[in-house]
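Since the structure comes first, as structure tokens, the remarks are kept for the end.
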There are 2 protein chains.
Amino acid sequence: MDLGQRSETVRRANLSAIVRTLHEEGPQSRSDLVTRTGLTRSAIRVLVGELKAAGLATEDRAVRHGRPGRPSPEVSLVAGAAVAVAFSIGVDTLAAAVVGMGGTLLGLSRTDRPRGHKVASAVVDDLVSLLDHLPSGRPEPETVVAVGVAVAGLVRSRDGLVENAPNLGWTSVPLGALLAARLGWSIPVVVRNESDLGVLAEHRRGAAVGIDDVLYVHGEVGVGGGVLVDGRPMAGAAGYAGEIGHVPVDANGLLCRCGAIGCWETQIGAGAILARAGLPRDAGPEALDDVFAAAEAGDVVAQAAIETTGRTLGSGLGGLVNTFNPRMVVLGGIFGRLHPHAQQAIWEELERHTLPAPRAMVRVVPAKLGVDAPLLGAAEVALESVLADPATRFGHRARVAQLASA
Amino acid sequence: MDLGQRSETVRRANLSAIVRTLHEEGPQSRSDLVTRTGLTRSAIRVLVGELKAAGLATEDRAVRHGRPGRPSPEVSLVAGAAVAVAFSIGVDTLAAAVVGMGGTLLGLSRTDRPRGHKVASAVVDDLVSLLDHLPSGRPEPETVVAVGVAVAGLVRSRDGLVENAPNLGWTSVPLGALLAARLGWSIPVVVRNESDLGVLAEHRRGAAVGIDDVLYVHGEVGVGGGVLVDGRPMAGAAGYAGEIGHVPVDANGLLCRCGAIGCWETQIGAGAILARAGLPRDAGPEALDDVFAAAEAGDVVAQAAIETTGRTLGSGLGGLVNTFNPRMVVLGGIFGRLHPHAQQAIWEELERHTLPAPRAMVRVVPAKLGVDAPLLGAAEVALESVLADPATRFGHRARVAQLASA
DNA sequence: CAAGTTTTGTGTTCCTTCCGCTCAAACTAC
DNA sequence: GTAGTTTGAGCGGAAGGAACACAAAACTTG
């Protein structure tokens with residue numbers, strides 16, 4: 001139920017509008033904030049003053065822009081005042097990052113993850129030790145607002161339970177709780193599927209900035225999807241939404257590792273490309289690199305493998321365009337690499353399987369953030385609490401100072 | 001951009017919370033409203049008073065419920081104070097209804113629509129003349145808040161342009177504008193796809209009350225879908241979302257009337273059932289009635305036709321459950337009739353094509369509102385403006401009275 | 001049946017928050 | 001340098017809900 005509102009709700013919403021605007025669009029003048037939010041100069045002045053006092057924002061001398069009138073000082077968020085720690089558990093890599101308000105990347109470190117299964121606690125240890133390898137060093141625990149985690153698998157968003165992650169060999173792993181315990185910080189740990197986070201990152205910082213209806217399709221060994229509906233990530237009832245790799249597309253098709261017959265994934269995943277190139281389906285990522293290299297060098301078998309995969313990708317995307325009516329389809333993972341080689345094949349099949357109206361308004365583009373998208377998306381969801389209610393951080397510095405003096 | 005908020009925003013939100021609660025949950029006591037909204041008794045008193053003064057609500061003597069304490073009067077919406085006019089243009093019927101606040105059906109009339117094409121202006125005339133056949137008579141124009149229209153076709157929600165409606169033979173018909181001109185009322189005319197409205201109606205008044213993640217699948221000649229994501233209808237970038245009938249499921253399948261190969265619709269639409277029963281694909285609705293009757297009478301061909309269709313429906317639903325992670329799948333149109341005959345077949349195939357986690361939390365149920373769902377959904381969207389800002393109606397009676405006296 | 005208990009309506013005062021207005025400051029243009 | 005424009009600063013006012021005190025209307029108990 002929508003709770004009733006009061007004056008304090010208004011202030012929270014207005015502070016949030018300011019911080020969110022600065023976070024998403026970057027530093028801007030007070031008078032820009034006036035036009036963006038519709039608030040009066042008086043209100044903006046007071047609210048920005050409050051943010052400054054709390055150390056969340058700074059005001060710099062205005063940039064001269066040659067127009068008449070008194071210049072308006074530029075307001076920026078203080079990146080380090082509130083930061084998110086983000087982790088990602090991908091098929092081939094583990095990564096950690098610290099991201100400040102405004103989306104400033106304060107540090108990132110990455111390590112290979114050998115394929116094969118490893119118990120969750122060991123992976124959690126690996127993740128946390130990545131924090132010590134950050135160029136910026138371990139972040140100050142007091143500045144960390146929340147922890148975001150991107151996982152290649154089905155995640156129950158409520159409590160961060162990894163229901164199933166075939167690439168990791170995990171079933172019912174309480175990753176959120178494990179990580180929270182290991183870190184020992186009393187802040188929320190938010191675990192999400194990597195594609196759901198990928199679409200958020202591409203929306204905020206990548207190929208889909210300013211576009212509110214986006215379908216993000218991520219391919220590796222498996223195929224996942226993240227959907228932005230009217231600017232909001234589509235989670236489904238428990239967070240499992242977006243498993244478009246397991247849509248049946250061929251009743252007489254191959255057996256998928258999920259146990260079903262004819263999943264789309266069996267036709268467009270990394271294994272499908274490898275098989276079409278005459279390689280074993282489970283050859284590693286290097287083998288896939290070789291296929292792309294061979295195609296560029298003119299190898300017709302490799303080229304055909306890529307084009308056929310592009311066609312199958314395109315027809316499936318067609319169905320999804322009819323289903324979601326997105327304004328943009330963002331191809332991530334191996335599909336982003338496939339795109340330049342198979343752009344025409346993808347679009348031809350997409351065209352063949354879409355209704356004219358949704359087709360006319362959709363664009364298919366490769367992801368801009370590459371492998372970092374899920375990690376950056378994890379940071380974005382972790383920062384969400386500050387964006388939604390910046391005032392929660394107000395007492396913070398005072399509280400820390402008080403503890404130090406006591 | 002989220003506009004800045006102020007005191008008036010708070011009042012609007014709180015009035016809206018009260019009216020919406022009463023609309024969705026029915027009449028309840030003031031003290032219920034206190035707990036529902038989290039507002040204080042003082043605030044509820046003033047706000048309900050305002051609604052009463054405006055004629056939107058009434059207070060009745062409290063019902064005795066046997067608990068100690070002073071009884072709290074029951075607040076009800078005045079159904080006739082603000083009404084929606086709803087129209088639906090289905091494959092086989094035209095309908096009109098007047099629905100008051102609280103979802104009270106004040107009048108409904110329906111007429112057959114012979115299959116075949118008819119120019120839009122003629123259909124608009126037919127719809128408007130249905131208003132004269134309402135048992136309640138034509139609604140008072142001053143009380144009508146908005147007009148909602150459900151159409152079996154692709155609708156651009158922004159302006160009510162019917163992009164394409166194969167059953168009606170329409171392409172690029174500005175239905176919203178035509179109807180607005182024909183009615184001559186200066187109120188919004190909201191046109192939407194029938195499935196998008198169907199899911200809304202089932203959510204508010206039907207099988208999916210209280211469930212925020214719902215997939216509604218409607219079958220007739222064509223197959224459409226409406227999706228509720230976190231309580232909100234998924235419209236897509238232009239309103240075309242939900243065309244799940246045109247997801248490709250068989251690369252070697254039949255030619256769909258949309259021009260593509262192997263659309264799901266070709267396997268589960270009314271034509272597919274008829275064909276499997278040995279009848280022509282374009283036999284009318286009576287032929288389909290015969291198939292269902294024959295199956296009930298023990299005809300094995302008819303039974304097999306229904307079961308096979310159920311299996312194909314189930315496997316496609318499996319992919320959609322993986323895609324949307326809904327808590328409920330509601331089957332409307334012919335699928336609602338199919339359900340009792342093919343429940344097991346549907347579920348078996350759905351089970352075979354879903355991941356365990358989303359499968360474990362989904363239920364498949366027949367629609368509760370039947371053919372009326374889109375019409376009632378159209379009324380709900382039309383009433384939305386009053387729910388979102390009841391104060392817009394405040395000056396209304398005064399204004400009408402003033403006009404009358406002048 | 002009368003006194004006590006509980007819950008809720010009524011009305012006043014107070015607090016929070018933003019708007020509107022006036023004046024001053026900082027810039028451009030001629 | 002003077003006029004024009006845009007914006008910051010600060011103050012008073014208005015709107016709206018919360019908190020509080022009190023009254024009213026039910027039930028409970030002996």
Side-chain angles (χ1 to χ4, degrees), chain A residues 2-19 27-54 57-75 389-391 394-395, chain B residues 2-19 21 27-54 57-75 389-391 394:
Chain A
D2 290 314
L3 269 83
Q5 304 207 335
R6 43 179 145 184
S7 332
E8 290 83 2
T9 321
V10 172
R11 166 145 294 205
R12 192 181 319 141
N14 287 341
L15 273 174
S16 171
I18 292 174
V19 173
Q28 52 196 285
S29 73
R30 269 204 220 177
S31 72
D32 287 339
L33 289 173
V34 167
T35 55
R36 276 272 178 283
T37 60
L39 295 169
T40 57
R41 294 202 302 267
S42 323
I44 291 290
R45 181 174 71 96
V46 173
L47 293 169
V48 168
E50 213 157 314
L51 292 172
K52 279 169 64 180
T58 52
E59 281 188 301
D60 295 313
R61 206 165 172 64
V63 279
R64 294 202 170 169
H65 47 319
R67 284 193 304 268
R70 177 171 174 172
S72 191
E74 194 175 61
V75 185
D389 188 6
F394 278 11
Chain B
D2 289 314
L3 269 84
Q5 303 206 334
R6 45 178 140 185
S7 336
E8 290 84 10
T9 321
V10 172
R11 168 145 293 208
R12 192 180 320 142
N14 287 342
L15 274 173
S16 171
I18 292 175
V19 173
T21 303
Q28 51 198 286
S29 73
R30 270 204 220 176
S31 73
D32 288 338
L33 289 172
V34 167
T35 55
R36 275 271 176 283
T37 61
L39 295 169
T40 58
R41 294 202 301 267
S42 322
I44 290 290
R45 180 174 72 97
V46 173
L47 293 169
V48 168
E50 214 156 315
L51 292 172
K52 279 170 64 180
T58 52
E59 281 187 299
D60 295 312
R61 210 166 169 65
V63 279
R64 295 202 169 168
H65 47 320
R67 285 192 303 268
R70 176 170 175 172
S72 192
E74 194 175 62
V75 186
D389 187 5
F394 277 12

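In what follows, chains carry the letters A, B, and so on, assigned in the order in which the sequence lines appear, proteins first and then strands, with residues in each chain numbered from 1. Hydrogens, waters and symmetry mates are skipped; everything else that's a heavy atom, side chains included, is used.
For a distance-only test at 3.5 Å, the side chain of R45(A) qualifies as a donor-acceptor partner of the base of dG10(D). In terms of polar N and O atoms assigned as donor or acceptor, the side chain of S7(B) never comes within less than 3.5 Å of the base of dG17(D) in a complementary pairing. Judged by atom type and distance alone, R41(B) reaches the base of dG9(C) through a side-chain donor-acceptor pair under 3.5 Å.
Proximity of R70(B) to the phosphate of dT6(C): no side-chain N or O atom is located under 4.0 Å from OP1 or OP2. Using a 4.0 Å cut-off, no side-chain N or O of T40(A) falls inside it from OP1 or OP2 of dC18(C). At dA9(D), one or more side-chain N or O atoms of R30(A) fall inside 4.0 Å of OP1 or OP2 (strictly under the cut-off). Contact check, S31(A) against dG8(D): no side-chain N or O comes under 4.0 Å of OP1 or OP2. The phosphate of dG17(D) has OP1 or OP2 within less than 4.0 Å of a side-chain N or O from R11(B). Taking 4.0 angstrom as the limit, N14(B) places a side-chain polar atom (N or O) nearer than this to OP1 or OP2 of dG17(D). Put simply, S29(B) has no side-chain N or O that comes within less than 4.0 Å of OP1 or OP2 on dT8(C).
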**Step-by-step side-chain contact (heavy atoms from CB on, under 4.5 Å) determination, V10(A) to T9(B)** = CA-CA 8 Å; V10(A) 172; T9(B) 321; 5.5 Å; no
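Summarising the geometry, the separation between CD on E74(B) and P on dT8(C) is reported as 14 Å, rounded to the nearest angstrom. Rounded to whole angstrom, the span from the CG atom of D32(A) across to the P atom of dT6(D) amounts to 14 Å. Rounded to an integer number of Å, the gap from CD1 of I44(B) to P of dG9(C) is 9 Å. To the nearest angstrom, C1' of dG9(C) lies 10 Å from CD of E59(B). Distance, R12(B) CZ to dT17(C) P: 19 Å, rounded to whole Å. The distance from atom CD of Q5(B) to atom C1' of dC19(C) is 15 Å, rounded to the nearest whole Å. Note: CG (L33(B)) to P (dT7(C)) measures 18 Å, nearest angstrom. Atom CG in L47(A) sits roughly 15 Å away from atom C1' in dA9(D) (whole-Å rounding).
Of the candidates dA26(C), dT5(D), dC19(C), the closest approach to any side-chain atom of P71(A) belongs to dA26(C).
Using a distance-only test at 3.5 Å, with no hydrogens or angles considered, a donor-acceptor pair links the side chain of S72(A) to the main chain of S31(A).
Within the 4.0 angstrom heavy-atom criterion, only backbone atoms of the sugar-phosphate kind lie near R61(B); the bases stay farther away. Among the atoms of the strands shown, base atoms are found under 4.0 Å from some heavy atom of S42(B).
Residue whose closest nucleotide on DNA chain C sits further toward the 5' end, between R67(A) and G38(A): G38(A). Nearest-nucleotide positions on DNA chain D for E8(B) and G69(A) put G69(A) closer to the 5' end.
When R12(B), R11(B), R45(B) are each tested for a salt bridge (Lys or Arg N to Asp or Glu O under 4.0 Å) with E50(B), only one passes: R11(B).
Inter-residue side-chain proximity for N14(B) and T37(B) is flagged as unmet; no heavy-atom pair is nearer than 4.5 Å.
Note that the CG atom of L33(B) and the CD1 atom of I44(B) stand 5.0 Å from one another [nearest 0.5 Å]. With rounding to the nearest 0.5 angstrom, the CZ atom of R30(B) is 10.5 Å from the CG atom of L47(B).
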